[in-house]
There are 2 protein chains.
Amino acid sequence: MSLKIVSPESLGQALRAERKKKGLTQKSVGTSVGIEQHTISKIENGNPGAELGTLFRVLAALDLELVVLPRIKPMDKSKGDVW
Amino acid sequence: MSLKIVSPESLGQALRAERKKKGLTQKSVGTSVGIEQHTISKIENGNPGAELGTLFRVLAALDLELVVLPRIKPMDKSKGDVW
DNA sequence: TTGATTTATATCTTTGAGAGTATAAAATAT
DNA sequence: ATATTTTATACTCTCAAAGATATAAATCAA
């Protein structure tokens, strides 16, 4: 269901969740696209220095794609917002 | 409308489109989140070595977020697929 | 067309990523 | 509980990102 991804940390969480959902290991994912297991580990743990090239290889391995959306201001019901 | 983003190139295109939609310059975007103009230029031009930290700063500057989705297999009408 | 703004390139420096390899720690299975 | 698998860390090496600064090239406006 892919919640808001706004940081290397939340991205890492999403990637790990998708990988587990598919029953894959960091090693198998890495091997399928030529990336070391330790690199996958670091990305999933929120490494902000990870490279875009690496990210997209992981996405390819998991058969995922990205979408860019306007940030959704999380509604605060106490403020009486109506959506 | 944010098409499939599956590479540093397509990501760069999306970022550039969103920035222009908001009428901002690479410099203003960079300044707002502490990134050099030339760095924004490289990301928009598909630099695969760009860092995730940099990407999310740009997204913050543009008030955008990411979503991870399963890759949509582009339908081939000639194959008689029905969706 | 000219002048100004915006974007692309370039150099030098510092810093860290990822490959390759190894191993420790944690999680899973038997 | 113990063996096995998976994930996290560590170290060296090479390479390039981004900062800082400058300038060329392209785009836009008067």
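In what follows, chains are A, B, ... by sequence order, proteins preceding strands, each numbered from 1. Please read these numbers as outputs of a predicted model, since none were measured by experiment.
- To the nearest 0.5 angstrom, B/S32 atom OG is 10.5 Å from B/D63 atom CG.
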(message) Treating primed atoms plus P, OP1 and OP2 as sugar-phosphate and everything else as base, which nucleotides of nucleotides 9-27 of chain C get B, S or - for protein heavy atoms under 4.0 Å?
(response) BB------SSBBB------

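- At a cut-off of 3.5 Å, with distance as the only test, no side-chain donor of B/S28 or B/T31 sits close to an acceptor on the other residue.
- Under the 4.5 Å side-chain criterion, counting only non-hydrogen atoms from C-beta, A/R16 is in contact with A/N45.
- Of the possible donor and acceptor atoms, none in the side chain of B/T54 sits under 3.5 Å from a partner among the backbone N and O of B/A50.
- The closest donor-acceptor contact from the side chain of B/K4 to the backbone of B/R71 lies at 3.5 Å or more, if one exists at all.
- The minimum heavy-atom distance linking A/V6 with B/F56 is given by the pair C-CD2, 3.3 Å.
- In this entry the distance linking CD1 of B/I40 with C1' of D/dA18 reads 11 Å, nearest Å.
- In terms of phosphate contacts, B/R16 brings a side-chain nitrogen or oxygen within less than 4.0 Å of OP1 or OP2 of C/dA8.
- Inter-axis angle, ends of the helix from C/dT1-D/dA30 to C/dT30-D/dA1, five pairs per end, rounded to 10 degrees: 70°.
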(request) Kindly determine whether A/I5 and B/V67 satisfy side-chain contact (heavy atoms from CB on, under 4.5 Å), including the steps that lead there. (result) CA-CA 6 Å; A/I5 296 176; B/V67 171; 5.9 Å; no

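- By the salt bridge (Lys or Arg N to Asp or Glu O under 4.0 Å) test, A/R19 pairs with A/E44, sequence neighbours left out.
- Rounding to the nearest 0.5 Å gives a distance of 10.5 Å between OG of A/S7 and CG of B/L59.
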Check nucleotides 25-27 of chain D for protein N or O atoms closer than 3.5 Å to its own N or O atoms and list the pairs.
none

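- Distance, A/R19 CZ to D/dT5 P: 17 Å, rounded to whole Å.
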(message) Determine whether B/L52 and A/L55 satisfy the following criterion, side-chain contact (heavy atoms from CB on, under 4.5 Å), listing intermediate values before the conclusion.
(response) CA-CA 8 Å; B/L52 294 189; A/L55 166 61; 3.8 Å; yes

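- The CG atom of A/L64 sits 5.0 Å away from atom CD of A/E18, with the distance rounded to the nearest 0.5 Å.
- Between B/V33 and B/V58 the shortest side-chain heavy-atom distance does not fall below 4.5 Å.
- For residues 22-30 of chain A, proximity to DNA chain D is found at A/T25, A/Q26, defined as any non-hydrogen atom under 4.0 angstrom from a strand atom.
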Show me, pair by pair, the donor-acceptor contacts under 3.5 angstrom made by side chains of residues 34-42 of chain A, not counting sequence neighbours?
| residue | atom | partner | partner atom | Å |
| --- | --- | --- | --- | --- |
| A/Q37 | NE2 | A/Q26 | OE1 | 3.0 |

